[in-house]
Amino acid sequence: MFSNRWRFGWDRYTEVDLFTDHNDTNAETLSQAIRAASEEPDADGSVLFGHLQGTVVGLRYYTGVVNSGEMVGLVRQPQNPYDRNAVMVANIYGNQVGHIKKELAAAMAYVMDNKLAKVEGVVHSGTKNKFTMPVMLSFWGKEEKKNTVIEMMARRGYKLNTGGIGQAGSNQSHSSQGARALSLKKGVTIPLTAEELKNAFDNLFEGLMESKDGEKEAAKSVGTPLLPHQKKALSWMCARENKSGLPPFWEKRGELYYNTLTCFSAKEIPERVRGGILADDMGLGKTLTTIALILTNFHNGKPLPVETCEGQSSPLKARTKKQMPPKLEGDGAGVSSRAAASLRTDIPQAEVTCAHTPDESEKSISKGKIKAIKRKPSKDAPGFQEDLDFAAALGGLISDTGFKKKKTSKKATPTLSSDPSIPESAEDLKARATLIICPLSVLSNWLDQFEQHVSANVKLNVYLYYGSDRNRSTKFLSSQDVVITTYNILSSDNGDKSPLHVVNWLRVVLDEGHIIRNPDTLMSKAVLRFKAQRRWILSGTPIQNSVKDLWMLLAFLHLKPFDVREWWNRVIQRPVTQGNKEGLQNLQTLVKCITLRRTKNSEVNGRPLVSLPEKTVCVEKVELSQAEREEYELARNEGRNTIGRYVAEGTVLSNYAHVLAILMRLRQLCCHPDLLAKTSTDLGAAATPAELRERLIEKLRMVLASGSDEECSVCLESVRLPVITHCAHVYCRPCIAQVISTEKETARCPLCRSEIKTSELVEFPQEEMGEENGTNSEKWRTSSKVQALMANLLRLRSEDNRIKCLVVSQFTRFLTILETPLREHGFSYVRLDGTMSLKKRTQVIQEFQSSADSSPVIMLLSLKAGGVGLNLTAASHVFLMDPAWNPATEEQCIDRCHRLGQKRKVCVTKFIVKDSVEENMVKIQKKKQDLLEKAFGSTNTDRKASRISDIKALMEL
DNA sequence: ACCGCCGGGTGCC
DNA sequence: ACCGCCGGGTGCC
């Protein structure tokens, strides 16, 4: 007993009180410790140094058991009072198995503490031993540390076996790694080619849906009929939430649950992953499907009980609250109201917070207790009938819900094939609310979609947890049907005191879940701490860069044992990145089990998943006018000379900013001459003082003409008597004059800290002063591209004056220029760009999507405004005013209108100026698509080289 | 007997 | 632990 207190007596867990019922708390604390101890940010590039046979001692003091071939974790215990070199051995669940024998531990401690190597263990034999057992240790690390480690161990009498060793009974990945190590010197493995890996990843998420999945009708409260593929998704999601199938790589062997990858087994059923990854392409209706899931799948497969406006008038909550004696909260016996579920959310705050979550109780159960419970014949369990009663009370039916107490479900031994429903305890049944976390940019979309898809007569409590005055009451939040918040709120609301971490959620949904792929961010850490029964990730792109992106997602889903980084690294990530085919297969199996992905082009039974209206894309070549052509050629020749010189000197990359500025200038000239001279980078390229002055004036004119109320950064009011500095910032003349007179020679621009002088302030020439607030139509000039657009718009209007168009440009300033002719021709328009507040954005989108007569017919859209998920299906025509570097950006933009819900054919027009940088950009776009595909694993130098060749191609050098 | 041998007590780090 | 180690009991064969 005395020694037990030291089981966790190391590192930051020293103060844990282990005298009180230590058996109940150890597992969770230990796995936390292991998790913390094995924070290995990047196991990539590790090579195998060698193997070593070691001994685990002290088996009889610990409860952790291992199977033949099982992987074990090795954790340093620097605070161990008997030996500060102690190395603990633990199994996958964090149960301690024993210690490494002290002489070996002393040698290992040095290696481990100095991060010279990562040591991993596999037990092949002696698993039934009472006192000691052999363990095969492998040492992994950076190539350059290899010899140090080998020498270090040798000095202490431990010779690392650097050849492959036939490890009888070793698990698959290890034996194959051993074989590889044998066949190759220096432990370097032959990876799959970048191509193969890339293909593998592509296929990782393809064809994940078997057609056997049925369709499920949504609850009545879902107002929008689901499309067939959405019903399939709903059916799949409900099944993932309700069925108790084991997580991938777990199987039942006799009385035990066995993990086929790590060879770990336990009496307890592994935590089931109730949820998964819905990775459908954007536009297939992930949001709608999720809303349908919320309404359709409450407890025991029943719909969410909701208040309706018709029928019974008295609100269910009010009625049932009185019927429910508080003392029954615990087991729910005797509840007879159909609406018990809605009532359960109204329990006092204290009860919620004090109650053990199912999560905690299941992990904190000691082996001894489990045994005790398990030995009880299930039919004698006193709680069984009560739970049935409760289930009946809730759902009006006796389901096959089995007795479940503290997770040790030992109802009639569930067989793998039958997939019985997951039994829920009374504790589980209290959870009501679904928490949705999304990026700010799609927040309004969620609200809209709830508005749109929930039947009008249903009152769903949706709370937006956002803004400084958000309601932080956990009781309040628990009682909602849905709580929506953003990732930013999550990271700022992070601490333990955040109510989001106190509420016992029914379900947590991460929209655009790939956002949490970096485990080091605050929000990723926050996301792991939710108490929730079911967890979902919605993401069109679950893998963005590499396998590593998946770990955080699996950790969020509590997919055992991969929620602990070490097991993920050992079993999946390292084998895969080293090109091990088995590792890749395992990864594929894993992903397949928990993911549903369809694309717009997916087919089911030979028929397309969704039939979107046709989309046509045409390129309209624009001829520059003679004046424009002259100006363009001038700039082009100048740019060519400059860039040509950089190319000759080999300094393209060090002058990259300037090169981009030159290209930018040309691209802008293709659109409209007035786009020039608007940023200080452009100004840097101006040759003469006269030219500079001209451009500054131009810039000033643009600022003032843009209609936005330009603010003076000194007085914080609208600028009066505007002047512009050489660094292209605009102030009131009196304000900036005062700054300069105060600071004298050392005066600096308040915005960018460039030096400023009174003599260098530029103001409007006298004759233009009067016009700045006027219609400025006299100063406004057209361009060939503007005319091309207007011709199209006017033609369309004459065909059908309700046709709506998106007019897209990368240059918000171009959008501003376009406003003038739109106004002149009487087009009603709205504008959406990245600078707008959420509120304004929402309003603009609503206005545009509205079918009212007064609704605007044109949206001026900046290419990158908003993110994925933006729904602009009211438009059926898209005008892309200028080509983007990345064709995917254009595609994404087009998809905002060519997506589910689009009723008309979509017509896309790309304006490209003939004989210009734009034409070359289009050529490069095509090449880029290939490049991007090959970029997988390509080196930095490759990319740089391609960058340079891009530029040469653009300038026709 | 300043040894060897026997057998009981004992046991991770 | 069906070991090794420790230390007390014992002492020809």
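Per chain, numbering begins at 1; letters A, B, ... match sequence-line order. As the structure is a prediction and not an experimental result, all values here were calculated from the model.
Of the listed nucleotides (B:dC12, C:dA1, B:dC13), C:dA1 has the atom at the smallest distance from the side chain of A:Phe131.
Within 4.0 Å of A:Lys101, counting heavy atoms only, lie sugar-phosphate atoms of the nucleic acid but no base atom. Nucleic acid contact for A:Ile100: sugar-phosphate only, since backbone atoms but no base atoms lie under 4.0 Å from a heavy atom of the residue.
Rounded to an integer number of Å, the gap from CG of A:Leu59 to P of C:dC3 is 18 Å. Between the NZ atom of A:Lys130 and the P atom of B:dT10 there is a distance of 19 Å, rounded to whole Å. Atoms OH (A:Tyr61) and C1' (B:dC12) sit 6 Å apart, rounded to a whole Å. If you measure from atom CD of A:Glu103 to atom P of B:dC13, you get 7 Å, rounded to the nearest angstrom. Spacing between atom CG of A:Asn129 and atom C1' of B:dC12 amounts to 15 Å, rounded to whole angstrom units. The CZ atom of A:Arg60 sits 11 Å away from the P atom of B:dT10 (whole-angstrom rounding). Taking atom CZ of residue A:Arg76 and atom C1' of nucleotide B:dC13, one finds them 11 Å apart after rounding to whole Å. Rounded to whole Å, the distance from CD on A:Gln96 to P on B:dC12 is 13 Å.
Spacing between C:dG4 and C:dG8 at atom P, rounded to whole Å, works out to 23 Å. If you take atom C1' in C:dC5 and the same atom in C:dA1, they sit 12 Å apart, rounded to whole Å. Comparing the C1' positions of C:dC13 and B:dC2 gives a spacing of 25 Å, expressed to the nearest Å.
If you check B:dC12 for Watson-Crick or wobble pairing at under 3.5 angstrom, you find it has no partner at all.
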Do any side-chain atoms of residues 102-113 of chain A form donor-acceptor pairs under 3.5 angstrom with protein atoms, and if so which ones, sequence neighbours left out?
residue	atom	partner	partner atom	Å
A:Asp113	OD1	A:Arg76	NE	2.7
A:Asp113	OD2	A:Arg76	NE	3.2
A:Asp113	OD2	A:Arg76	NH2	2.8

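At least one side-chain heavy atom of A:Leu510 sits less than 4.5 Å from a side-chain heavy atom of A:Phe556.
Residue A:Lys102 has no polar side-chain atom (N or O) positioned under 4.0 Å from OP1 or OP2 of B:dC12.
Across all non-hydrogen atoms, the minimal contact from A:Leu553 to A:Gly513 is CD2-O, 3.6 Å.
A:Asn259 contributes a side-chain N or O that, together with a main-chain N or O of A:Thr262, makes up a donor-acceptor pair within less than 3.5 Å.
Atoms CG and CE, on A:Leu261 and A:Met71 in that order, are 7.5 Å from each other to the nearest 0.5 Å.
For B:dC13, the base has no donor-acceptor partner in the side chain of A:Asp83 [N/O atoms by modelled type, under 3.5 angstrom]. The base of B:dC12 lies close enough to the side chain of A:Tyr62 for a donor and an acceptor atom to sit less than 3.5 Å apart.
Taking the O4'-C1'-N9-C4 or O4'-C1'-N1-C2 dihedral as appropriate, C:dA1 has a value more than 90° from 0 and is therefore anti.
Ring stacking is absent between A:Tyr82 and B:dC12, as the pair misses the limits of under 5.5 Å between centres and under 30 degrees between planes.
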